[in-house]
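Single-structure report; data block below.
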Number of protein chains: 2
Amino acid sequence: MSGISNLSCNNEVERGPQPHIELRVVVFTLHQDHLQTLLSPSDPAIFPNCWEFPNFPVLPGQALEQTAESCLKELLNVPELYLEQLFTYSGPKRHPTQSLISVVYFALSPLDSHPLEERKASLLWQPANTPPPLAMDHDEILSYALRRLRYKLEYSAVGFELLPETFTLSELQKTYEMILGETLDKRNFRRRILQGGIIEPTEDYRSGEGRPARLYRYRPDAVAEVKARRLFP
Amino acid sequence: MSGISNLSCNNEVERGPQPHIELRVVVFTLHQDHLQTLLSPSDPAIFPNCWEFPNFPVLPGQALEQTAESCLKELLNVPELYLEQLFTYSGPKRHPTQSLISVVYFALSPLDSHPLEERKASLLWQPANTPPPLAMDHDEILSYALRRLRYKLEYSAVGFELLPETFTLSELQKTYEMILGETLDKRNFRRRILQGGIIEPTEDYRSGEGRPARLYRYRPDAVAEVKARRLFP
DNA sequence: TCAAAAGTGTTCACGATACACCCATGG
DNA sequence: CCATGGGTGTATCGTGAACACTTTTGA
């Protein structure tokens, strides 16, 4: 403990051992036109037929964010991914037998990530909007992560993190529509994203059923945050 | 530990005992026309002449947010205050002798809060924009808390949390100007805040040097969140 | 030549901004 | 009666939203 001792507090609440800390990660990806999240089966003795978000070790010599990032990259076989802190959950009712503090991170994995390694076969991508039963408060965590994803999509460029390096404007628009759950106007979508300087065209085209579509690339140097509309002038 | 064991991770990082968890709170208030934050002197043997954010006990029987709320209410003698989670800081370099995880909350205390009790005399309100030297990474925590405050001010009604129950429009405007660090147009400010239905007039006036000013009250039922300008239509 | 997806501009409405004077009170 | 802060309306501009047709390719 650094500095002065804890400030006293007259709460009549049981003291006792420190709660256990754990590190969890909510990862989203797009797969088969659906938003998916990575889940791990729960211990059937405690939470039968339930799933939970992946649990990584809390290492004293490493920041939680670093641990989450390197474990995830190894697990998913991707060189880069988007990662940020989601929330820290605490409270006595979260687990039946122990006091538990969960520091939860939020990650996005690009569409072309390799399938999971065999030795991690217990982990499965599951549909994020219709997940299987989740243990503890992980349903609450999932809905908060989905809210965060939708919200971030509206004011930042986070959507590109779910796509491969190059993509067509239609693919990008479909990604946004899938996550936001609404359809967008094609011309307005294109105008805004192109004027924003967030993506740049490549020289390549992708041939599909109709006319080939130009491929674009995300510009990582772009200033992607849009300032919120201020409540006051 | 619930469910399956931690997913392994090939990081070659030292294992060891779990890091220590602590609970800290950044509180802001307005005092003498300045934004102030509550600080506690650090242990001089470790951080001489430094200050740090108040440290509350981590109780296994209570959610961190509840502990922070009840401790702060007791400390500041206020019946209500605004509280939300700020961030969880972790990493090996945060403290000279131990691995430390700090779950930090963000609070706003109304202007008319009573002075601190005598027994807490070591705690002091200090200017938030020109603070004394801070221990560990608490300068980084402070600047993030200030950023959060300014940002929240722009898209939510959080400014009222720093004022007493009734206030004049000029007081409210000065609060916003003080925190945002810029001057605002009086007519536009009034129009927007009144049209937003965020406050309602009382029957009272406050007499000052010039014409008495109508007192207003925050409407807690108001929908205070302003939707951000969406990056895409 | 037809189906299927890509690509492209303009108009309209609303909200944000800038801006200057009269009003009520206390000393 | 005057100094001090309280209170009020309008004109302009920029941004968001709605909307339909032409182009290119492969089958």
Side-chain angles (χ1 to χ4, degrees), chain A residues 33 151 153-157 163-164 166-178 180-217 223-233, chain B residues 33 153-157 163-164 166-178 180 182-217 223-233:
Chain A
D33 274 7
Y151 187 65
L153 209 63
E154 292 191 348
Y155 71 85
S156 81
L163 287 172
T166 61
F167 47 84
T168 70
L169 289 178
S170 295
E171 288 166 355
L172 183 61
Q173 184 175 345
K174 273 184 216 122
T175 302
Y176 274 80
E177 290 175 340
M178 194 180 315
L180 295 175
E182 56 186 307
T183 61
L184 304 174
D185 180 89
K186 183 159 65 164
R187 280 169 292 187
N188 291 339
F189 182 84
R190 284 165 187 245
R191 181 167 358 98
R192 272 172 83 160
I193 200 173
L194 290 174
Q195 279 181 2
I198 304 172
I199 60 177
E200 58 188 9
T202 69
E203 294 306 309
D204 299 328
Y205 291 82
R206 172 167 302 163
S207 292
E209 248 189 285
R211 170 175 170 176
R214 176 150 230 143
L215 287 168
Y216 289 80
R217 179 193 301 118
V223 180
E225 294 284 325
V226 172
K227 60 174 179 299
R229 186 193 307 160
R230 291 169 53 155
L231 185 50
F232 300 106
Chain B
D33 276 8
L153 209 64
E154 293 191 348
Y155 71 86
S156 81
L163 287 172
T166 61
F167 47 84
T168 69
L169 290 178
S170 294
E171 288 166 353
L172 183 61
Q173 185 175 343
K174 272 184 217 122
T175 301
Y176 275 79
E177 290 175 338
M178 195 180 317
L180 294 176
E182 56 185 309
T183 62
L184 305 174
D185 180 88
K186 184 158 63 165
R187 279 169 295 188
N188 291 339
F189 182 84
R190 285 164 187 246
R191 179 165 2 97
R192 270 172 84 160
I193 199 172
L194 291 174
Q195 280 180 2
I198 304 172
I199 61 177
E200 60 190 6
T202 69
E203 293 307 306
D204 299 328
Y205 291 81
R206 172 167 302 162
S207 292
E209 251 191 282
R211 171 175 170 176
R214 177 150 230 145
L215 287 169
Y216 288 81
R217 180 193 301 117
V223 180
E225 294 284 325
V226 171
K227 61 175 181 299
R229 185 195 312 160
R230 289 169 55 157
L231 184 50
F232 301 106

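Chain A is the first sequence line, chain B the second, and so forth, proteins listed ahead of strands; every chain is numbered from 1.
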For [X], which residues count as a salt bridge (charged side-chain N to carboxylate O under 4.0 Å, His left out) partner, sequence neighbours excluded?
{"X": "A/Arg217", "result": "A/Glu200"}
{"X": "A/Glu177", "result": "none"}
{"X": "B/Arg206", "result": "B/Glu171"}

I need the [atom1]-[atom2] distance between [X] and [N], as an integer number of Å.
{"X": "B/Gln173", "N": "D/dG5", "atom1": "CD", "atom2": "C1'", "answer": "12 Å"}
{"X": "B/Lys186", "N": "D/dG9", "atom1": "NZ", "atom2": "P", "answer": "14 Å"}
{"X": "B/Asp185", "N": "C/dG15", "atom1": "CG", "atom2": "P", "answer": "18 Å"}

Side chain to side chain, B/Thr175 and B/Leu153, heavy atoms closer than 4.5 Å: no

B/Arg190 vs D/dG7: side-chain N/O to OP1/OP2 distance below 4.0 Å: yes

Distance test, side-chain N/O of B/Ser170 to OP1/OP2 of D/dG6, below 4.0 Å: yes

Separation between CG of B/Leu169 and CZ of B/Phe189, rounded to the nearest 0.5 Å: 7.0 Å

A/Leu215 side, atom CG; A/Asp204 side, atom CG - distance, nearest 0.5 Å: 6.0 Å

Minimum heavy-atom distance A/Gln173-A/Leu184, with the two atoms named: NE2-O, 2.9 Å

Sort me out a list of protein N/O and nucleotides 10-12 of chain C N/O pairs below 3.5 Å, or just none if empty.
unit_1: C/dT10; atom_1: O4; unit_2: A/Arg191; atom_2: NH2; d: 3.4

Can you pull every protein N or O that's under 3.5 Å from an N or O on nucleotides 22-27 of chain D?
unit_1: D/dT23; atom_1: O2; unit_2: A/Arg211; atom_2: NH1; d: 3.0

Residue A/Ala213, side-chain heavy atoms: nucleotide from C/dC19, C/dA6, D/dG6 that is nearest: C/dA6

Pairing residues for A/Arg214 by the side chain to side chain contact (heavy atoms under 4.5 Å, CB included) criterion, not counting sequence neighbours: A/Pro201, A/Glu203, A/Tyr205, A/Tyr216

